[in-house]
Structures are given as structure tokens and as C-alpha cells.
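What follows is one structure encoded as C-alpha cells, with my remarks underneath.
Remember, it's 1-based here, ligands and their atoms both numbered in the order they're listed. All residue numbers refer to positions in the sequence shown, counting from 1.
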Amino acid sequence: MTRTGPQNLLVTGGCGFIGSNFVRYWLEQHPESRVVVYDKLTYAGRKENLHNLWGSSYLSLVVGDIGDMDLVRRTCQENGIDLIVNFAAETHVDQSILGPLVFTDTNVRGTHVLLEVARELGIRLHHISTDEVYGHIRDGHQSVETDELAPRSPYAASKAAADQLVQAYAITYGLPVTITRGANNVGPYQYPEKAVPLFSTNAILGEPLPVYGDGKQMRDYAHVYDHCTGIETVLLRGEIGQVYNVGTGREMTNLEMVDLVLETLGKDHSLVKHVADRPGHDRRYSMNVEKLRALGWEPKYDPRQAVAEAAKWYEGNRWWWEPIRSGEFREYYNRQYAERLAGAAQQ
Ligand code: NAD
Ligand code: TYD
């Protein structure tokens, strides 16, 4: 049965990729709701992701860290928050390999602070987790929600710790929580450190596409729109205390994804460069999404449509990514790829 929807949402990380898509989607579908975006505005948090919505009386922004308990508590109290949706996180595996500690600070301790405030004020909390908590998945298996967590990168480990803290609060304190574990999302406003926006923007600029290792790793590339509808479904019809996988249930190799990006943008395959692999690179993610389907949810996009739509968005929205690519991103890019690409050229 559909419950009455929440009215006053605190959306942490609402200036990031998925958070901003969710805020836009939620306000379109639930115009009676009020949304407070709570965001630290790290390099990945960008006010322009919600450029056309600021100024609406239904949306406001608090700039802050989810680890700041006083500010989180005050923001919840002053805005009569009845639901926290926690997107806030450090999110890139490669960044977690270069500098892991901030992943523990935000993803683990930050989530813990949100749980404490939710417990104190009696607020429902929905936590955004990831398929990476399951670790890499052997051929023939699809992760179900009851599978053990076996994370393998600092990012995945911090997300698994947060996921388990959320479940512990449900068990120990009876806190009303739900969790969604999303597959690799693609779509508008994804910071170009992630594979699909990186490859799309590099292809548009005529720069090499750095494919890690043999490129036969498998991912379920799901459109962010379907993640948003999946979260909405759980918020309105999910069972309290439960975990739901959100993806398409279908994977492709990274090489297939790269070909699709190049084909969509009309660019040549010679741009592909195989470079030194990511340490501990998970070979395959794959999730069974039947539990969410049983609530009446269906993804609108298959993975090929999702990747192609994303590539087209970057082609049509240079205003969004060109300032990022020419700014501090350059420093990260050189650190992550200069040696790798030089190595590829010598092969
Ligand atoms: P993102 O990196 O684009 O955005 C993260 C947002 O969190 C940014 O706005 C950033 O400023 C904010 N933030 C970071 N640290 C913060 C802190 N300490 N306090 C407050 N705000 C902080 O990430 P995304 O791709 O939109 O991912 C959102 C969530 O979804 C994350 O929890 C991530 O683990 C999860 N997830 C992502 C994917 C994916 O494919 N991108 C897949 C599954 C799950
Ligand atoms: P990414 O978008 O970083 O997501 P995740 O590692 O969380 O799945 O990467 C998606 C896939 O693309 C993953 O298998 C790693 C690969 N990849 C590359 O081959 N080259 C790159 O430069 C990046 C960023 C990723």
C-alpha cells in the first residue's frame, strides 16, 4: 500500500550527480514537497547542477559537512525534516586509491552522524549504497540483497561500513531506515572523473580514452533517471528496514561501453588506449533487481540506451563540463593518467 509521501526532505549531497538528478525528479513529481539540499560543495558538488531550480521557494541550500552534528541537527529542526536521503559521499574509486582517509571521514563517520541525528529527532533515513559493497561477482551469479558484503577498494569498504551502520541502527534502535544499492549510474551532470563522462568528453576533445587493463571488466551502466525512480519507489512503497538493489540487471564490458560512446559521438576507435590497470580492479558487478521490481518498478532505459543518452548529453552541454575540465580537474587528470598514457604510447 502506498504511504503518504514525506513532505520535508533533507537531501545530503544534493549538488552531486545523482543527488541533483534526484532533487530535480522529486520536485517535478512531488511539487508539494520542500527540499533542503545539504552539501559540502566538494569538487564534485556543483550548484550549477541545479542551475534552473534555485530561487524556487520549495528548494534551499545549506552548505555544510554531514560530519557536523550541530549543523545537521539545527538544519533538521529548523526545517521540520521528516526524511533524510543520504547521497553525500566521496564517490570515486581512483580518488580513494590516491587519498583514502577522507572516504572514511565522510562516508563512514558522516553517515554515522546522520544516523545519530535521525535517532535523536525520530526521522526516517534512506541511505544510498552501491553494488560495489558486494565486491566483484563471479560469472553466472547476480548479487541479491542478502549476499555477504565483500568490498575490495577503500571506497567500497567505506560504503559497506556505512551500509552496515544503517542496518545496525534499524536493528538496535528500531530506526526507520531503507537502503538502495545502485549500479554504475550514467547521465547528465556526472563529474568527468567517472568512466562514461570522462570517455565522452575526451572523445569530443579528441583526447585518448584510457581503458584500464584489457577493458573486459563488466558493469551494469544504468541511467540515473531509473535510479531516481527506484529510490522514489522505495521511499513510497518499500518496506522499512529493507535493502533494495537498483540497476538494469544487465552488464556490458567496458570495451563495449567505449565503442558505444565513440559510435554515438562519431569518433574513431584509434582514440582508445589500453593503460595500466587500477589496483584491485573489480572484474564484474551484477545485481538481481527482482525485489525492487516486485514493488512495481521497471527501468525505462537499457544499458546501451543509457550510455548513448549520456554521451549525447555531454555533446550538447559543453557549458557544464568545459569549465570543470579546464580547472582543478586538470591536476587530478595528470596525476591519474599522465604516466599511464605515456606508458601506453611506448607499448
Ligand atoms: P558525486 O561525487 O557526484 O556527489 C557527491 C556529493 O556529496 C557532492 O555534491 C559533494 O559535494 C557531497 N559531499 C561530499 N562530501 C560531503 C560531506 N562530508 N558533507 C556533505 N556533502 C558532501 O556522487 P554521486 O555519483 O552523485 O553519488 C551519490 C551517492 O550515490 C553516493 O553515496 C555514492 O556512493 C552512491 N552511488 C553512486 C553510484 C554512481 O555510479 N555514481 C552508483 C551507486 C551508488
Ligand atoms: P568508474 O566510472 O570509475 O566506476 P566504478 O569503478 O565505480 O565501476 O569506472 C567504470 C569502469 O571503467 C571500471 O571498470 C573502471 C573503468 N575505467 C577505465 O577503464 N578507465 C578510466 O579512466 C576510468 C575512470 C574507469
ask   = Does ligand 1 have an atom that lies less than 4.0 angstrom from a heavy atom of Ser20?
value = no

query = Would you say Arg46 has any N or O atom under 3.5 Å from an N or O of ligand 1, going by distance alone?
reply = no

Worksheet item: Does an N or O from Pro210, backbone or side chain, lie closer than 3.5 Å to an N or O of ligand 2?
Response: yes

Per-atom filter on ligand 2: closer than 4.0 angstrom to a heavy atom of Val211 are 19 (O)

Quiz prompt | Close aromatic pair by centroid cut-off 6.0 Å: His112 and Tyr169 | solution = yes

among protein heavy atoms, the one nearest atom 10 (C) of ligand 1 is Thr42 OG1, 3.3 Å

Separation between CD (Gln95) and CD (Glu90), nearest 0.5 Å, reads 7.5 Å

Judged by non-hydrogen atoms, does His92 sit under 4.0 Å from ligand 2? yes

Honestly, for Lys159 the part within reach of ligand 1 (heavy atoms, under 4.0 Å) is side chain

Exactly one candidate in Val36, Val35, Asp39, Asn86 meets side-chain contact (heavy atoms from CB on, under 4.5 Å) with Val11; the answer is Val35

Sub-3.5 Å N/O-N/O distance, Met257 and ligand 2:
no

Check: Is Thr12 in contact with ligand 1, taking contact as a heavy-atom separation below 4.0 Å?
Finding: no

Review point. If you draw the axis of the six-membered ring of Phe17, does the NZ or CZ of Lys194 fall within 45° of it and under 6.0 Å from the ring centre?
Key: no

Would you say ligand 2 has an N or O under 3.5 Å from any N or O of Gln217? no

Do Arg335 and Tyr332 meet the cation-pi criteria used here (NZ or CZ under 6.0 Å from the six-membered ring centre, within 45° of the axis)?
no

*Inspect the contact between Lys300 and Glu309 and indicate whether a charged nitrogen and a carboxylate oxygen are less than 4.0 angstrom apart.*
no

Ranked by distance from atom 28 (C) of ligand 1, the top protein heavy atom is Phe87 O, 3.4 Å

Contact region, Tyr221 to ligand 1, non-hydrogen atoms below 4.0 Å, reads neither

Under 4.0 angstrom from ligand 1, any heavy atom of Gly67? no

- Query: Do the ring planes of Tyr191 and Phe329 sit parallel (below 30°), tilted (30 to 60°) or perpendicular (above 60°)?
  - Reply: perpendicular

Exercise for the section: Give a yes/no verdict on whether any heavy atom in Tyr337 is under 4.0 Å from an atom of ligand 2. Expected result: yes

Quick note on ligand 2: atoms under 4.0 Å from a heavy atom of Asp94 include exactly 24 (C)

Query raised in the report: Taking distance alone, with no angle check, do Asp65 and ligand 1 share an N/O pair under 3.5 Å?
Result: yes

Contact region, Tyr191 to ligand 2, non-hydrogen atoms below 4.0 Å, reads neither

Atom 42 (C) of ligand 1 sits nearest the protein heavy atom Ala183 O, 3.1 Å

(message) For the 3.5 Å polar cut-off, considering only N or O atoms, please tell me whether Tyr212 and ligand 2 meet it.
(response) yes

**Report entry** Check: Asn184 N/O within less than 3.5 Å of ligand 2 N/O
**Finding:** yes

Short version for Arg278: what comes under 4.0 Å of ligand 2, heavy atoms counted, is side chain

Looking only at non-hydrogen atoms, the one of Lys273, Gln95, His281, Arg219 nearest atom 15 (C) of ligand 2 is His281

Note: Asp131, heavy atoms under 4.0 Å from ligand 1, region reported as neither

Atoms of ligand 2 under 4.0 Å from any heavy atom of Val93, numbered from 1 in the order shown, are 6 (O), 7 (O)

Quiz item: How far apart are the C-alpha atoms of Asp163 and His127, what are their side-chain angles, what is the distance that settles it, and do they pass the side chain to side chain donor-acceptor pair (under 3.5 Å) test?
Solution: CA-CA 7 Å; Asp163 188 312; His127 179 69; 5.8 Å; no

N or O pair under 3.5 Å between Ala88 and ligand 1: no

Per-atom filter on ligand 2: closer than 4.0 angstrom to a heavy atom of Glu132 are 5 (P), 7 (O), 8 (O)

**Prompt:** Closer than 4.0 angstrom: is that true for some heavy atom of Tyr43 and an atom of ligand 1?
**Reply:** no

In ligand 1, the atoms that come under 4.0 Å of a heavy atom of Tyr155 are 33 (C), 34 (O)

Judging by distance only, is a nitrogen or oxygen of Asn185 under 3.5 angstrom from one on ligand 1? yes

Quick look: Leu198 vs ligand 2, heavy-atom contacts under 4.0 Å, and the answer is side chain

Note: heavy atom closest to atom 1 (P) of ligand 2, options Ala183, Gly215, Ala195, belongs to Ala195

For Tyr189 and His51, take the angle between the two ring planes, folded into 0 to 90°, and tell me which bin it lands in: parallel under 30, tilted 30 to 60, perpendicular over 60.
tilted

heavy-atom search around atom 14 (C) of ligand 1 in the protein gives Ala89 O, 3.4 Å

For Tyr221, the ligand 2 atoms with a heavy-atom partner under 4.0 Å come out as 10 (C), 11 (C), 12 (O)

Quiz item: Judging by distance only, is a nitrogen or oxygen of Lys194 under 3.5 angstrom from one on ligand 2?
Solution: no

The closest protein heavy-atom partner of atom 21 (N) of ligand 1 is Lys40 N, 3.1 Å

If you scan protein heavy atoms around atom 4 (O) of ligand 1, the nearest is Gly16 CA, 3.4 Å

Contact region, Tyr285 to ligand 2, non-hydrogen atoms below 4.0 Å, reads side chain

A student checking ligand 2 against Glu193 at a 4.0 Å heavy-atom cut-off should list atoms 24 (C)

field: Validation row, ring centre Tyr285 to ring centre Tyr134 under 6.0 Å
entry: no

Here the pair of heavy atoms bringing Arg278 nearest to His92 is NH2-CE1, 4.0 Å

When distances are taken from atom 1 (P) of ligand 1, the protein heavy atom at minimum range is Thr91 OG1, 3.7 Å

The protein heavy atom nearest to atom 26 (O) of ligand 1 is Ile18 N, 2.7 Å

